[in-house]
Amino acid sequence: MLDQLARAHVENRPRAFDDHGGHEVGSKAALDAADELHQAATLIDQVEDRLDKAHAASGRVAWRDEPAVEQVTVKRWVSICFLQGEEADEVLELIDDEGVDAAMSFLKNWDYGDETTDAALENGYVYDLPPTGPLEQEVRDGDYDMTYSHSFGHVGLYRLHEIPPEDAVDKQAELAQSGPTNWFEHPGIAAVKRERGLGL
(Lines give C-alpha, C1' and ligand atoms only; values in the text may rest on other atoms or scores of the structure.)
Protein backbone atom coordinates (compact mmCIF):
# COMPACT_ATOMS: atom_id res chain seq x y z
CA MET A 1 0.00 0.00 0.00
CA LEU A 2 2.81 2.42 0.89
CA ASP A 3 4.62 1.65 -2.38
CA GLN A 4 1.37 2.21 -4.29
CA LEU A 5 0.94 5.58 -2.60
CA ALA A 6 4.56 6.43 -3.43
CA ARG A 7 4.01 5.54 -7.11
CA ALA A 8 0.81 7.59 -7.18
CA HIS A 9 2.71 10.66 -5.94
CA VAL A 10 5.41 10.18 -8.58
CA GLU A 11 3.05 9.46 -11.47
CA ASN A 12 0.82 12.43 -10.64
CA ARG A 13 3.60 15.00 -10.27
CA PRO A 14 2.43 16.88 -13.40
CA ARG A 15 -0.74 17.72 -11.42
CA ALA A 16 1.09 18.77 -8.23
CA PHE A 17 1.04 22.45 -7.22
CA ASP A 18 1.42 24.34 -3.97
CA ASP A 19 -1.24 26.61 -2.43
CA HIS A 20 0.05 29.54 -4.52
CA GLY A 21 -0.10 27.65 -7.81
CA GLY A 22 3.62 26.88 -8.00
CA HIS A 23 4.17 23.65 -9.91
CA GLU A 24 7.89 23.34 -9.14
CA VAL A 25 7.31 23.43 -5.37
CA GLY A 26 4.32 21.09 -5.57
CA SER A 27 6.19 18.63 -7.77
CA LYS A 28 9.16 18.55 -5.40
CA ALA A 29 6.85 18.04 -2.39
CA ALA A 30 5.16 15.12 -4.18
CA LEU A 31 8.56 13.56 -4.89
CA ASP A 32 9.63 14.07 -1.26
CA ALA A 33 6.42 12.40 -0.07
CA ALA A 34 7.01 9.48 -2.44
CA ASP A 35 10.54 9.04 -1.12
CA GLU A 36 9.38 9.04 2.52
CA LEU A 37 6.59 6.57 1.73
CA HIS A 38 9.09 4.28 0.03
CA GLN A 39 11.43 4.56 3.04
CA ALA A 40 8.52 3.69 5.35
CA ALA A 41 7.74 0.60 3.25
CA THR A 42 11.40 -0.44 3.47
CA LEU A 43 11.36 -0.06 7.25
CA ILE A 44 8.23 -2.19 7.50
CA ASP A 45 9.94 -4.91 5.44
CA GLN A 46 12.85 -4.78 7.89
CA VAL A 47 10.47 -5.04 10.85
CA GLU A 48 8.86 -8.13 9.32
CA ASP A 49 12.28 -9.71 8.79
CA ARG A 50 13.32 -8.96 12.39
CA LEU A 51 10.04 -10.36 13.73
CA ASP A 52 10.57 -13.56 11.74
CA LYS A 53 14.06 -13.92 13.22
CA ALA A 54 12.79 -13.14 16.73
CA HIS A 55 10.04 -15.74 16.33
CA ALA A 56 12.54 -18.35 15.17
CA ALA A 57 14.91 -17.59 18.06
CA SER A 58 12.10 -17.55 20.62
CA GLY A 59 10.97 -20.93 19.32
CA ARG A 60 14.34 -22.39 20.34
CA VAL A 61 13.84 -21.36 23.99
CA ALA A 62 12.53 -23.94 26.47
CA TRP A 63 11.28 -21.86 29.40
CA ARG A 64 11.40 -23.42 32.89
CA ASP A 65 9.95 -22.37 36.22
CA GLU A 66 13.27 -22.40 38.09
CA PRO A 67 16.24 -20.23 36.96
CA ALA A 68 19.57 -21.85 36.10
CA VAL A 69 22.13 -22.19 38.87
CA GLU A 70 25.24 -21.86 36.70
CA GLN A 71 26.28 -18.49 35.31
CA VAL A 72 26.84 -17.99 31.60
CA THR A 73 28.98 -15.59 29.63
CA VAL A 74 27.15 -12.37 28.79
CA LYS A 75 27.49 -10.60 25.46
CA ARG A 76 26.67 -6.91 25.27
CA TRP A 77 27.19 -4.16 22.69
CA VAL A 78 29.82 -1.49 23.35
CA SER A 79 29.81 1.85 21.57
CA ILE A 80 32.71 2.36 19.17
CA CYS A 81 31.67 5.81 17.96
CA PHE A 82 28.63 8.02 17.55
CA LEU A 83 29.00 10.73 14.92
CA GLN A 84 26.86 13.80 14.31
CA GLY A 85 27.15 16.94 12.21
CA GLU A 86 29.86 17.15 9.57
CA GLU A 87 31.53 13.91 10.66
CA ALA A 88 28.24 12.04 10.22
CA ASP A 89 27.55 13.79 6.90
CA GLU A 90 30.83 12.40 5.55
CA VAL A 91 29.83 8.83 6.46
CA LEU A 92 26.25 9.24 5.22
CA GLU A 93 27.64 10.47 1.90
CA LEU A 94 29.91 7.41 1.82
CA ILE A 95 26.85 5.19 2.35
CA ASP A 96 25.08 6.87 -0.57
CA ASP A 97 28.10 6.72 -2.87
CA GLU A 98 29.75 3.39 -1.99
CA GLY A 99 27.30 1.49 0.19
CA VAL A 100 26.99 0.41 3.82
CA ASP A 101 29.95 -1.99 3.68
CA ALA A 102 32.34 0.83 2.79
CA ALA A 103 30.93 2.99 5.57
CA MET A 104 31.23 0.23 8.14
CA SER A 105 34.84 -0.48 7.12
CA PHE A 106 35.56 3.23 7.50
CA LEU A 107 33.99 3.40 10.97
CA LYS A 108 35.92 0.34 12.17
CA ASN A 109 39.00 2.58 12.15
CA TRP A 110 37.58 4.10 15.36
CA ASP A 111 37.85 0.73 17.12
CA TYR A 112 41.05 0.50 19.17
CA GLY A 113 40.23 -2.86 20.75
CA ASP A 114 40.60 -3.03 24.54
CA GLU A 115 41.09 0.74 24.79
CA THR A 116 37.72 1.37 23.12
CA THR A 117 36.04 -1.35 25.16
CA ASP A 118 37.41 0.01 28.45
CA ALA A 119 36.26 3.54 27.58
CA ALA A 120 32.76 2.30 26.72
CA LEU A 121 32.52 0.28 29.94
CA GLU A 122 33.81 3.17 32.03
CA ASN A 123 31.36 5.67 30.52
CA GLY A 124 28.38 3.32 30.52
CA TYR A 125 28.07 3.05 26.73
CA VAL A 126 27.15 -0.64 26.94
CA TYR A 127 23.84 -2.05 25.70
CA ASP A 128 21.90 -5.30 25.58
CA LEU A 129 20.95 -4.32 22.02
CA PRO A 130 22.43 -1.62 19.78
CA PRO A 131 20.41 1.55 20.47
CA THR A 132 18.18 2.50 17.57
CA GLY A 133 15.41 5.02 17.17
CA PRO A 134 12.78 6.00 14.64
CA LEU A 135 13.91 6.48 11.03
CA GLU A 136 17.22 4.73 11.73
CA GLN A 137 18.65 2.02 9.50
CA GLU A 138 20.64 -0.83 11.00
CA VAL A 139 23.28 -3.04 9.38
CA ARG A 140 25.05 -5.93 11.10
CA ASP A 141 28.37 -7.47 10.07
CA GLY A 142 29.51 -10.24 12.40
CA ASP A 143 30.28 -8.65 15.77
CA TYR A 144 29.70 -5.11 14.46
CA ASP A 145 26.42 -3.23 14.14
CA MET A 146 26.05 0.13 12.40
CA THR A 147 23.02 2.38 12.83
CA TYR A 148 22.46 5.53 10.80
CA SER A 149 19.82 8.09 9.96
CA HIS A 150 19.82 10.52 7.08
CA SER A 151 16.84 12.28 8.63
CA PHE A 152 18.57 12.99 11.94
CA GLY A 153 22.13 13.17 10.57
CA HIS A 154 23.94 10.68 12.79
CA VAL A 155 25.85 7.40 12.54
CA GLY A 156 26.82 4.94 15.26
CA LEU A 157 28.97 1.83 15.36
CA TYR A 158 28.78 -0.84 18.07
CA ARG A 159 30.74 -4.04 18.73
CA LEU A 160 29.66 -7.19 20.52
CA HIS A 161 31.77 -7.72 23.64
CA GLU A 162 31.91 -10.84 25.77
CA ILE A 163 31.69 -10.13 29.48
CA PRO A 164 32.75 -12.83 31.99
CA PRO A 165 29.92 -13.95 34.34
CA GLU A 166 31.66 -12.43 37.37
CA ASP A 167 31.73 -9.00 35.68
CA ALA A 168 28.14 -9.07 34.41
CA VAL A 169 25.87 -6.29 35.65
CA ASP A 170 22.90 -7.29 37.81
CA LYS A 171 20.07 -5.91 35.67
CA GLN A 172 17.64 -5.62 38.57
CA ALA A 173 20.15 -3.62 40.61
CA GLU A 174 20.92 -1.48 37.58
CA LEU A 175 17.24 -0.69 37.07
CA ALA A 176 16.80 0.14 40.75
CA GLN A 177 19.67 2.65 40.56
CA SER A 178 18.50 4.23 37.31
CA GLY A 179 15.31 5.62 38.84
CA PRO A 180 11.81 5.57 37.36
CA THR A 181 11.34 3.97 33.98
CA ASN A 182 9.03 5.09 31.23
CA TRP A 183 7.45 1.74 30.35
CA PHE A 184 5.88 3.18 27.21
CA GLU A 185 9.20 4.21 25.66
CA HIS A 186 11.07 1.88 23.32
CA PRO A 187 14.26 0.67 25.07
CA GLY A 188 16.34 1.52 22.02
CA ILE A 189 15.08 5.11 22.07
CA ALA A 190 15.75 5.32 25.80
CA ALA A 191 19.31 4.10 25.22
CA VAL A 192 19.88 6.71 22.51
CA LYS A 193 18.63 9.41 24.91
CA ARG A 194 20.97 8.19 27.63
CA GLU A 195 23.90 8.21 25.20
CA ARG A 196 23.13 11.78 24.20
CA GLY A 197 22.75 12.90 27.81
CA LEU A 198 19.05 13.64 27.45
CA GLY A 199 17.96 11.48 30.37
CA LEU A 200 14.76 9.45 30.54
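In this text, all values refer to a predicted model and were calculated from it rather than measured experimentally. The figures here come from the full heavy-atom set of this structure, side chains too, leaving out hydrogens, waters and symmetry mates.
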Legend entry - Short side-chain to backbone donor-acceptor contact, S58 and A54, under 3.5 Å: no
Legend entry - Nearest-0.5 Å distance, CZ of residue R7 to CG of residue L2: 11.0 Å
Legend entry - Donor-acceptor side-chain pairing of R159 and S79 below 3.5 angstrom: no
Inset, instruction - Examine distances only and state if a side-chain atom of D18 and a backbone atom of G21 form a donor-acceptor pair shorter than 3.5 Å. - result: yes
Inset, instruction - Keeping the roles fixed (side chain from N123, backbone from A119), state whether a donor-acceptor pair exists under 3.5 Å. - result: yes
Inset, instruction - Apply side chain to side chain donor-acceptor pair (under 3.5 Å) to H161 and D143, showing your working. - result: CA-CA 8 Å; H161 172 64; D143 287 346; over 6 Å; no
Legend entry - N/O donor-acceptor pair under 3.5 Å between N109 side chain and F106 backbone: yes
Inset, instruction - Identify the two heavy atoms, one from T116 and one from Y112, that lie closest to each other, and give their separation to 0.1 Å. - result: OG1-N, 2.7 Å
Inset, instruction - Output the distance between atom CG (L121) and atom CZ (R76), rounded to the nearest 0.5 Å. - result: 9.0 Å
Legend entry - Check: E87 and V155 side chains under 4.5 Å, non-hydrogen atoms: no
Inset, instruction - Starting at OG of S149, measure out to CD of E136 and round the result to the nearest 0.5 Å. - result: 5.5 Å
Legend entry - Hydrophobic cluster identity match, Y158 and V91, side-chain contacts under 4.5 Å: no
Inset, instruction - Kindly work out whether a path of hydrophobic side-chain contacts (I/L/V/M/F/W/Y, heavy atoms less than 4.5 Å apart) joins L160 to W110. - result: no
Legend entry - ring-ring contact (aromatic ring centres under 6.0 Å, His included) contacts in which one or both residues fall within residues 15-41, not counting sequence neighbours: F17-H23
Legend entry - Check ion pair D49-K53 (N to O, under 4.0 angstrom): yes
Inset, instruction - Specify the closest pair of heavy atoms between G153 and A88, including all atoms of both residues, with the distance to one decimal. - result: O-CB, 3.4 Å
Inset, instruction - Working to the nearest 0.5 Å, report the span between NE2 of H9 and OG of S27. - result: 11.5 Å
Legend entry - Path from L37 to I44 over hydrophobic side-chain contacts below 4.5 Å: yes
Inset, instruction - State plainly whether the residues K108 and D141 are in salt-bridge range, i.e. N to O under 4.0 Å. - result: yes
Inset, instruction - Indicate the ring-plane relationship of F152 and H154, choosing parallel, tilted or perpendicular according to the 30° and 60° boundaries. - result: parallel
Legend entry - H150 side, atom NE2; D35 side, atom CG - distance, nearest 0.5 Å: 10.0 Å
Legend entry - Crowding at CG, D19 (>12 non-hydrogen neighbours, <6.0 Å): no
Inset, instruction - Any chance you could lay out the side chain to side chain contact (heavy atoms under 4.5 Å, CB included) test for Y144 and D111, step after step, and finish with the verdict? - result: CA-CA 10 Å; Y144 287 93; D111 189 357; 2.6 Å; yes
Legend entry - Criterion side chain to side chain contact (heavy atoms under 4.5 Å, CB included) on Q137 and V100, from CA distance to verdict: CA-CA 10 Å; Q137 305 284 332; V100 292; over 6 Å; no
Legend entry - L31 CG to E36 CD distance, which is reported to the nearest 0.5 Å: 10.5 Å
Inset, instruction - With salt bridge (Lys or Arg N to Asp or Glu O under 4.0 Å) as the test, would you mind laying out the steps for D32 and K28 before giving the verdict? - result: CA-CA 6 Å; D32 289 344; K28 182 182 183 307; 3.0 Å; yes
Inset, instruction - For R140, check salt bridge (Lys or Arg N to Asp or Glu O under 4.0 Å) against everything at least two apart and list the hits. - result: E138, D145
Inset, instruction - Following the transitive rule for hydrophobic clusters with a side-chain heavy-atom cut-off under 4.5 Å over Ile, Leu, Val, Met, Phe, Trp and Tyr, establish whether W77 and M104 coincide in one cluster. - result: no
Legend entry - Candidate pair M146 and I95, rule side chain to side chain contact (heavy atoms under 4.5 Å, CB included), full reasoning: CA-CA 11 Å; M146 180 178 70; I95 291 172; 4.2 Å; yes
Inset, instruction - Please report the shortest heavy-atom distance between A30 and A16, naming the atom on each side. - result: CB-CB, 4.1 Å
Legend entry - ILVMFWY network linking F82 to L92, side-chain heavy atoms under 4.5 angstrom: no
Inset, instruction - Check each of I80, L94, L157 against L107 using the side-chain contact (heavy atoms from CB on, under 4.5 Å) test, and report the only one that passes. - result: L157
